[in-house]
Amino acid sequence: NTEQTSNSSNQKPKHHLLETQHIVHNINQRQPPTMTMPGPSPLGAILLLLALSAGKNVDAFMNPSTAQYSTKLHSSASSSVRRPTPSRISETENFREAKELSQKFVADGELLQKNNGSEKKRVAIFGGGLSGLACAKYLSDAGHEPTLYEARSILGGKVSAWQDEDGDYVETGLHIFFGAYPNIHNLFNELKIEDRLQWAPHRMTFAMQELPGEFTTFEFPAGVPAPFNMAAAILLNTQMLSTYEKIAMVPALLPMLIEGQSFIDAQDEKSVQEFMREYSMPERINEEIFIAMGKALDFIDVDKLSMTVVLTAMNRFINEADGSQTAFLDGNPPERFCQPIKEWVESKGGEVICSSPVVEIQLNEQDSTVKGLKLSNGEMVQADYYVSAVPVDVFKRLIPTQWSTLPYFGQLEELKGIPVMNIQIWFDRKLNSVDGLCFSRSPLLSVYADMSNNCQEYADEKRSMLALVFAPCSPEAGSPTNWIAKSDEEIIDATMGELERLFPTEIGPNAPIERRAQLVKSTVVRVPRSVYAATPGRNKYRPSQESPIGNFVMAGDYAAQKYLGSMEGAVLSGKLAAEVICDKAMGRSNKNGLKEVHTSIQGAELKERAPVGIIGTSPVSFGGGQQGSFDNP
């Protein structure tokens, strides 16, 4: 397939306007086209429609011979290769918007210093994942005094990692940084650690379901502007979707491109399959593309996934030239990402305290504002403002009785985390693995990567270490089997069975003995409640960062922000929570304000309930991942 892509890149696509109009007319009539067009040229329809909707000059794409493609699909050891940060990441409107918000905090800090700190506020944040850390970082930039309390002995939450008995790092998940993560890239730049991201070639790689051991790629040509680079990637791949299937996607994508975010948000009530039926999209588009995307984006089967999730990703990938390019962190996240944030906060007078679980939110009787936070050791924490940055399932166990009848908090019952498992497998030799992230298109596995190739800290020229996302892993996520309740041995056996399909000449009994890789060790990390389950209709229940409680603010990827349940969403939510406090301190109204609670909650009879409290001390108790019976942090 790599050879085919390379050959295709030397052929100029033909654009037949009359043929394009004929095919699009047939699609609108919900009929298959009555003519066959040679090669990949029918994607000219998509190019023309994208050009019309985006208002761009298609001449930028008319000469693909000038495009540069990375055709090396497999890599023996690429961890030492450092590709530059894609230059166009910082040229997007979303990046500029994120940068402006960062600068707002710095300006507040300068003003606070000029006023001798008279508006300086003490802020207690509980939850040391990316959202809580981002909130603390930006509050410290604004001159305030944040103190962050993390229940576990390590920072990171869903990006946490720890060392096993052999000294190898075990990660909670396989974490991928997209170019379309503007707040994360601003944060890396501000911390001066942008060189810690290892960028993969700009491609999307899929395993071929019908051809074990073979892969196909969507190659994004360098130097071609959006949206034409994605159109080129689709055009030049002839293995996954037919001509008709590619063009059949156009009527569904046009409203997204023309109407933008309003159309995307309006699709939240529909599942992916419902959306496909509405636009008469062929089922193979679901089988070839959407199933893989759904499992990667929210660890869930597409019949349970909101179409808003898929469209949000596609919108960024189409409109941002480098939005779909991926990067890996060059080491374990607590040290390479979380520690620099901690040091930044502390250098500005804040504190980050681990092993300090919050077990109770205590209120003032007269107005139900927060009086203080009770820690597990009995200590009482008092501040001017309080921020929850724990997962939604953890926070629901802490909601005070007086708050339980308020619609703002009542709506949280409509949100819950989705189960997922992260698998790591060490082999005794090097596999001929894909360079970068691969969509496995397996019924059990979502995506995987050979971390010995993609992460400097885990680099090994002689042995591979695969990190794999096992999803969906429970019936509530769409799996017919409750895998998360199975033993580690059963899970690894099932994973190895899937790897035999991906690596038939290197793994399993049919592989030649001289090339057969043997499993050295493996780990299974279960996260029973990961990112919030983005099932249809959830967006209307996501709370704003501002709450009806004057001194309480909400953070976390499930709180309202446009990047859904992701690392980018977590950072943005923490940043928005910090903005709420800064605006209050400066006497400004917040541009987002208090989001109106949906009528289905406002009209419901909410019964008063006492908080259940945090049960246990395992990582799962605080929303983290558990490595079998291993006593991980």
Side-chain angles (χ1 to χ4, degrees), residues 102 105 109 120-161 172 183-184 187 190-191 193 333-362 370 372-377 379-392 394-395 398 545 547 551-559 567 569-582 585 614 619 621-624 633:
S102 293
F105 293 115
K120 186 175 186 176
K121 302 298 180 183
R122 294 175 302 130
V123 183
I125 305 166
F126 55 106
L130 293 183
S131 197
L133 287 166
C135 185
K137 191 269 183 190
Y138 290 108
L139 283 170
S140 66
D141 285 351
H144 299 294
E145 189 179 318
T147 301
L148 185 150
Y149 298 90
E150 164 56 38
R152 300 165 66 189
S153 61
I154 53 172
L155 295 170
K158 295 181 181 68
V159 303
S160 62
T172 303
N183 289 281
I184 279 185
L187 179 56
E190 293 155 17
L191 298 170
I193 60 170
E335 288 184 5
R336 303 299 289 170
F337 190 11
C338 301
Q339 185 64 22
I341 304 177
K342 176 179 183 290
E343 292 172 356
W344 181 282
V345 170
E346 292 173 340
S347 72
K348 292 178 175 288
E351 285 188 88
V352 177
I353 304 172
C354 290
S355 303
S356 300
V358 169
V359 296
E360 185 182 354
I361 303 171
Q362 296 191 352
V370 182
L373 304 176
K374 183 179 180 181
L375 304 182
S376 61
N377 63 3
E379 179 186 348
M380 286 296 301
V381 173
Q382 293 188 317
D384 298 308
Y385 289 96
Y386 302 85
V387 180
S388 169
V390 297
V392 64
V394 176
F395 179 73
L398 294 172
Q545 282 73 30
S547 85
N551 65 347
F552 178 80
V553 180
M554 190 78 79
D557 61 11
Y558 64 92
M567 291 187 292
V571 168
L572 176 56
S573 185
K575 202 171 182 179
L576 293 174
E579 185 185 27
V580 170
I581 293 172
C582 292
I614 306 299
S621 300
F622 306 110

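As a basis for the values below, the full set of heavy atoms in this structure was taken, side chains included, without hydrogen atoms, waters or symmetry mates.
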So do Lys575 and Ser102 actually touch side chain to side chain, heavy atoms under 4.5 Å?
-> yes
Does some side-chain heavy atom of Glu579 sit less than 4.5 Å from a side-chain heavy atom of Leu576?
-> yes
Return the minimal non-hydrogen interatomic distance between Ser153 and Pro633, and the atom names on each side.
-> OG-CB, 3.2 Å
Step through the shown structure and confirm whether more than 12 heavy atoms of other residues, nucleotides or ligands are within 6.0 Å of NZ on Lys374.
-> no
Minimum heavy-atom distance Ala570-Asp557, with the two atoms named | N-CB, 3.8 Å
Taking all non-hydrogen atoms of both residues, which atom of Val159 and which atom of Met567 are closest, and how far apart?
-> CG1-SD, 3.9 Å
CD of Gln339 to CH2 of Trp344: how many Å apart, nearest 0.5 Å?
-> 14.5 Å
Any side-chain heavy-atom pair from Lys348 and Asp141 closer than 4.5 angstrom?
-> yes
Does the side chain of Cys582 come within less than 4.5 Å of Leu139's, by heavy atoms?
-> yes
All heavy atoms of Gly574 vs all of Ala555, minimum pair found to be CA-CB, 4.2 Å
Spacing of CD belonging to Glu190 relative to CZ belonging to Phe105, to within rounding of 0.5 Å = 9.5 Å
Under the side chain to side chain contact (heavy atoms under 4.5 Å, CB included) criterion, do Glu346 and Val352 qualify, and how do the steps go?
-> CA-CA 7 Å; Glu346 292 173 340; Val352 177; 4.3 Å; yes
Geometric class of the Phe552/Phe395 ring pair [parallel <30°, tilted 30-60°, perpendicular >60°] | parallel
Of all heavy-atom pairs linking Pro357 and Phe622, the shortest is CB-CE2, 3.8 Å
With a 4.5 Å heavy-atom cut-off, do Thr147 and Ile125 have their side chains touching?
-> no
Is any side-chain heavy atom of Tyr385 closer than 4.5 Å to a side-chain heavy atom of Val580?
-> no
Just by modelled atom types, is the Cys354 backbone N or O under 3.5 Å from a matching donor or acceptor in the Ser356 side chain?
-> yes
Between CG on residue Leu133 and CG on residue Leu155, distance to nearest 0.5 Å | 5.5 Å
Looking only at heavy atoms, which two atoms of Leu398 and Ile361 are closest? And how far apart?
-> O-CD1, 3.9 Å
Can you check whether Leu187 reaches Tyr138 side chain to side chain, under 4.5 Å on heavy atoms?
-> yes
Any donor-acceptor N/O pair, Ser140 side chain to Lys137 backbone, under 3.5 Å | yes
Supply the atom-to-atom distance Ser355 OG to Ile154 CD1, rounded to the nearest 0.5 angstrom.
-> 9.5 Å
Starting from the C-alpha separation in whole Å, work towards a yes-or-no answer on side chain to side chain contact (heavy atoms under 4.5 Å, CB included) for Leu148 and Ile353.
-> CA-CA 6 Å; Leu148 185 150; Ile353 304 172; over 6 Å; no
How long is the span from the CG atom in Asn183 to the OG atom in Ser573, to the nearest 0.5 Å?
-> 10.5 Å
Counting heavy atoms not belonging to Glu351, are there more than 12 under 6.0 Å from its CD?
-> no
